[in-house]
Engineer: 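Next up is a structure, given as structure tokens.
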Number of protein chains: 2
Amino acid sequence: MERFDRIKVPSAYEMVAEAIEAEIVSGRLRPGDEIGTEAALVRQFGVNRSTVREGIRVLEQGGLVRREASRKLFVCEPRAGGLSTRISRALVLQDVTFRELFDTAMVLEVGSVEGAVVHADADMLAALEDNQERLEAAVNNPVVVAELDSEFHALLARACGNRVLEMAREPAALLFFPSTEMICRRVPEGAGRMAQAHRFIIDAVRARDLQLSRTWMRRHLVDWRKGFVRAGREIDEPVERIFARYALSKSQS
Amino acid sequence: MERFDRIKVPSAYEMVAEAIEAEIVSGRLRPGDEIGTEAALVRQFGVNRSTVREGIRVLEQGGLVRREASRKLFVCEPRAGGLSTRISRALVLQDVTFRELFDTAMVLEVGSVEGAVVHADADMLAALEDNQERLEAAVNNPVVVAELDSEFHALLARACGNRVLEMAREPAALLFFPSTEMICRRVPEGAGRMAQAHRFIIDAVRARDLQLSRTWMRRHLVDWRKGFVRAGREIDEPVERIFARYALSKSQS
DNA sequence: AAAGGAGGCTTTGTCGGACAAAAGGCTATT
DNA sequence: AATAGCCTTTTGTCCGACAAAGCCTCCTTT
């Protein structure tokens with residue numbers, strides 16, 4: 001047990017990043033504001049442009065700042081910001097299993113539908129109905145079905161009006177739902193059952209029936225799991241790296 | 001509705017970052033491996049050192065690579081890696097409310113204790129007991145109580161053996177539990193009730209009693225919320241920025 | 001006079017080279 | 001053998017430069 005921590009001398013580029021970050025976190029710079037040109041930052045901070053640029057890379061990667069088409073620097077909406085993608089990637093590198101994804105989805109998606117039951121408004125219900133309509137029209141197209149299933153669950157989370165929950169479920173969802181495509185390919189009746197479950201979930205949300213919404217969400221997820229196994233996959237196998245790269249590249253666009 | 005997306009010409013530093021990232025994601029570079037010196041990368045990629053350095057900043061910030069005390073570059077264990085912190089920051093910038101945090105914690109912590117009931121082993125129970133012992137010894141010290149409460153919930157999540165869930169709960173936890181300190185300061189009996197709830201939760205986990213664990217976790221969280229309100233805070237107020245910065249700086253060490 | 005294009009200015013992305021400070025390794029001294 | 005001092009490597013920072021791409025302004029053309 002050491003008495004003192006290692007002393008970390010901050011480097012100039014870190015200080016540049018922190019100075020700008022502090023302005024954003026404090027609210028003095030708001031999303032949409034311009035940061036200024038590199039030359040301007042060089043003047044203000046009194047450091048070299050290379051140093052400023054390294055600082056900018058840090059902020060950009062942190063999702064605080066965006067550069068539109070290699071032009072001006074904006075403070076950006078801290079939303080999506082690729083952070084979920086990066087967490088997903090970290091999970092893949094840790095070789096998490098489908099069981100872990102499934103158990104987590106069970107917790108988060110059920111929580112999500114409960115929130116939707118309480119908070120969903122007419123617009124959200126309309127969006128869900130629209131999704132359902134497109135799903136029923138595309139039951140024979142695995143790619144579209146997978147996309148629409150993913151969208152369905154994202155809509156439910158959005159309907160909660162809970163941005164914390166919405167963000168918490170995203171990394172798992174990013175890894176979880178893409179395999180729906182694989183399942184639909186190998187289990188012919190999968191898409192139909194999914195459409196049916198979605199139907200019941202939407203109805204439960206509309207009727208504000210907590211118990212029913214839970215039941216059908218659980219059934220829906222258990223179905224997913226059964227399909228996964230019937231498609232010949234092992235629930236305890238790790239999410240594969242190749243697969244994850246596919247999910248990753250798709251979500252970054 | 002446009003037919004084509006904007007074409008994005010990748011810049012050299014992005015390609016450097018992607019090339020190294022690809023090696024890591026594919027598994028050809030494993031955590032702990034060295035990346036090589038900047039000069040070596042300059043040779044291999046045939047670009048300028050400034051360019052290489054910008055690429056390294058991107059990777060570093062992405063949590064794939066770490067530089068130990070301004071020395072060699074390692075591929076790092078992809079866990080936590082400050083990503084949770086950054087999500088927390090994004091949530092704060094979105095002015096999420098305590099209600100959102102609370103509702104999410106309700107979902108995730110209950111899910112977490114359920115997992116613990118199923119999967120906790122003797123070591124984890126010992127760790128929980130140890131935490132409990134320290135908590136009971138420190139009921140009069142709000143700072144320590146808050147830390148131990150946070151640790152308690154982190155231990156439960158760890159006990160699930162579900163890294164996805166563990167990571168999903170972290171951003172909310174980072175914002176949620178620090179206010180325990182404030183509550184304990186203003187609500188004298190708070191720490192005692194907390195210790196009691198923890199006691200029951202641990203016992204339920206040991207007894208593998210799902211129902212009881214749920215009940216006490218809910219009670220524990222509802223207590224937190226009551227304390228929050230009794231401490232004079234409004235459940236629908238946004239998590240403040242100053243507070244968040246405190247939580248943030250603490251977690252980065 | 002309005003639309004469109006040409007040129008000039010600004011800004012980014014990249015390059016080459018340079019140097020001080022820190023970290024690591026090696027040697028010589030005690 | 002332990003330690004102190006020196007040398008080498010590597011990082012962090014700086015300077016200056018230039019091509020390409022966006023942006024702006026002004027001029028030409030219809």
Side-chain angles (χ1 to χ4, degrees), chain A residues 2 4-24 29 32-76 82 252, chain B residues 2 4-24 29 32-76 82 252:
Chain A
E2 304 274 337
F4 294 109
D5 290 340
R6 181 178 193 86
I7 286 178
K8 166 88 178 89
V9 183
S11 39
Y13 75 88
E14 287 169 324
M15 294 182 72
V16 167
E18 272 168 35
I20 298 174
E21 170 173 342
E23 287 297 290
I24 297 173
L29 276 173
D33 289 355
E34 290 174 20
I35 304 287
T37 66
E38 292 178 2
L41 293 174
V42 165
R43 267 199 312 280
Q44 293 179 60
F45 288 117
V47 298
N48 192 271
R49 192 155 78 97
S50 310
T51 307
V52 165
R53 283 175 64 82
E54 289 189 40
I56 289 173
R57 291 301 152 254
V58 171
L59 291 171
E60 235 171 20
Q61 205 58 16
L64 284 171
V65 147
R66 190 172 27 189
R67 171 161 271 155
E68 202 102 323
S70 84
R71 219 62 212 142
K72 284 198 183 111
L73 275 176
F74 290 98
V75 177
C76 66
Q252 271 182 343
Chain B
E2 304 276 338
F4 294 109
D5 290 340
R6 183 178 193 83
I7 286 178
K8 165 87 180 84
V9 182
S11 38
Y13 75 88
E14 287 168 324
M15 295 182 70
V16 167
E18 272 167 35
I20 298 174
E21 170 172 342
E23 287 296 290
I24 297 174
L29 276 173
D33 289 356
E34 290 175 17
I35 304 287
T37 67
E38 292 178 2
L41 294 173
V42 166
R43 266 200 312 280
Q44 294 179 59
F45 288 118
V47 298
N48 191 272
R49 192 155 77 97
S50 311
T51 307
V52 165
R53 283 176 64 82
E54 288 189 41
I56 289 173
R57 291 299 153 260
V58 171
L59 292 171
E60 236 170 20
Q61 205 58 16
L64 284 171
V65 147
R66 190 173 25 190
R67 171 141 22 218
E68 202 103 323
S70 82
R71 221 60 211 146
K72 285 199 182 111
L73 275 175
F74 289 97
V75 178
C76 66
Q252 272 182 339

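Note on naming: letters A, B, ... go to the chains in the order of the sequence lines (proteins, then strands), and numbering restarts at 1 for each one.
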Engineer: Please find the pair of heavy atoms, one from A:V42 and one from A:R49, that lie closest to each other, and give the distance.
Structural biologist: CG2-CA, 3.5 Å
Engineer: In this structure, how many angstroms lie between the C1' atom of D:dC14 and the CZ atom of B:R53, rounded?
Structural biologist: 11 Å
Engineer: Using a cut-off of less than 4.0 Å, is there contact between a side-chain N or O of A:T51 and OP1 or OP2 of D:dC14?
Structural biologist: yes
Engineer: Whether B:E38 and B:K72 form a salt bridge (side-chain N of Lys/Arg under 4.0 Å from carboxylate O of Asp/Glu) is what I want to check.
Structural biologist: no
Engineer: In whole angstrom, give the distance that lies between atom CZ of A:F45 and atom P of D:dG12.
Structural biologist: 19 Å
Engineer: Can you check the A:E34 CD to D:dC23 C1' distance for me, whole Å?
Structural biologist: 13 Å
Engineer: What parts of residues 35-42 of chain B reach DNA chain D, counting only heavy atoms under 4.0 Å away?
Structural biologist: B:T37, B:E38
Engineer: Where the side chain of A:N48 is defined as all heavy atoms beyond and including C-beta, which of D:dC15, C:dG13, D:dT11 is the nearest nucleotide?
Structural biologist: D:dC15
Engineer: To the nearest 0.5 Å, how far apart are CG in A:D33 and CD1 in A:I24?
Structural biologist: 9.0 Å
Engineer: Could you please spell out the steps behind the salt bridge (charged side-chain N to carboxylate O under 4.0 Å, His left out) verdict for A:E60 and B:R57?
Structural biologist: CA-CA 10 Å; A:E60 235 171 20; B:R57 291 299 153 260; over 6 Å; no
Engineer: How bent is the helix from C:dA1-D:dT30 to C:dT30-D:dA1, comparing axes over its five end pairs at each side, to the nearest 10°?
Structural biologist: 0°
Engineer: Test of understanding: with salt bridge (Lys or Arg N to Asp or Glu O under 4.0 Å), list the residues that count as partners of B:E18, not counting sequence neighbours.
Structural biologist: none
Engineer: Measure the distance from NZ on A:K72 to C1' on C:dT10 and round it to the nearest whole Å.
Structural biologist: 10 Å
Engineer: Please determine, by modelled atom types, if A:E14 and A:S11 share a side-chain donor-acceptor pair under 3.5 angstrom.
Structural biologist: yes
Engineer: Whole Å only: how far is the CD atom of A:E60 from the P atom of C:dT12?
Structural biologist: 11 Å
Engineer: Could you state the atom-to-atom distance from CD of B:E54 to P of D:dG12 in whole Å?
Structural biologist: 14 Å
Engineer: Rounded to whole angstrom units, what separation is found between the CG atom of A:L73 and the C1' atom of C:dT12?
Structural biologist: 10 Å
Engineer: Counting side-chain heavy atoms from C-beta on, which of C:dC15, D:dT11, C:dG13 comes nearest to B:R67?
Structural biologist: D:dT11
Engineer: Go nucleotide by nucleotide along DNA chain D from the 5' end; which of A:R49 and A:P10 gets its closest nucleotide reached first?
Structural biologist: A:P10
Engineer: Check A:I56 against A:L41 and note the closest heavy-atom contact, atom names and distance.
Structural biologist: CD1-CD1, 4.1 Å
Engineer: At their closest point, which heavy atom of A:F74 faces which heavy atom of A:G32, and how far apart are they?
Structural biologist: CD2-O, 3.3 Å
Engineer: Tell me: CD of B:E14 to P of C:dT12, nearest whole Å?
Structural biologist: 15 Å
Engineer: Mind listing the closest non-hydrogen atom pair of B:R66 and B:C76 along with its distance?
Structural biologist: NH2-CB, 3.8 Å
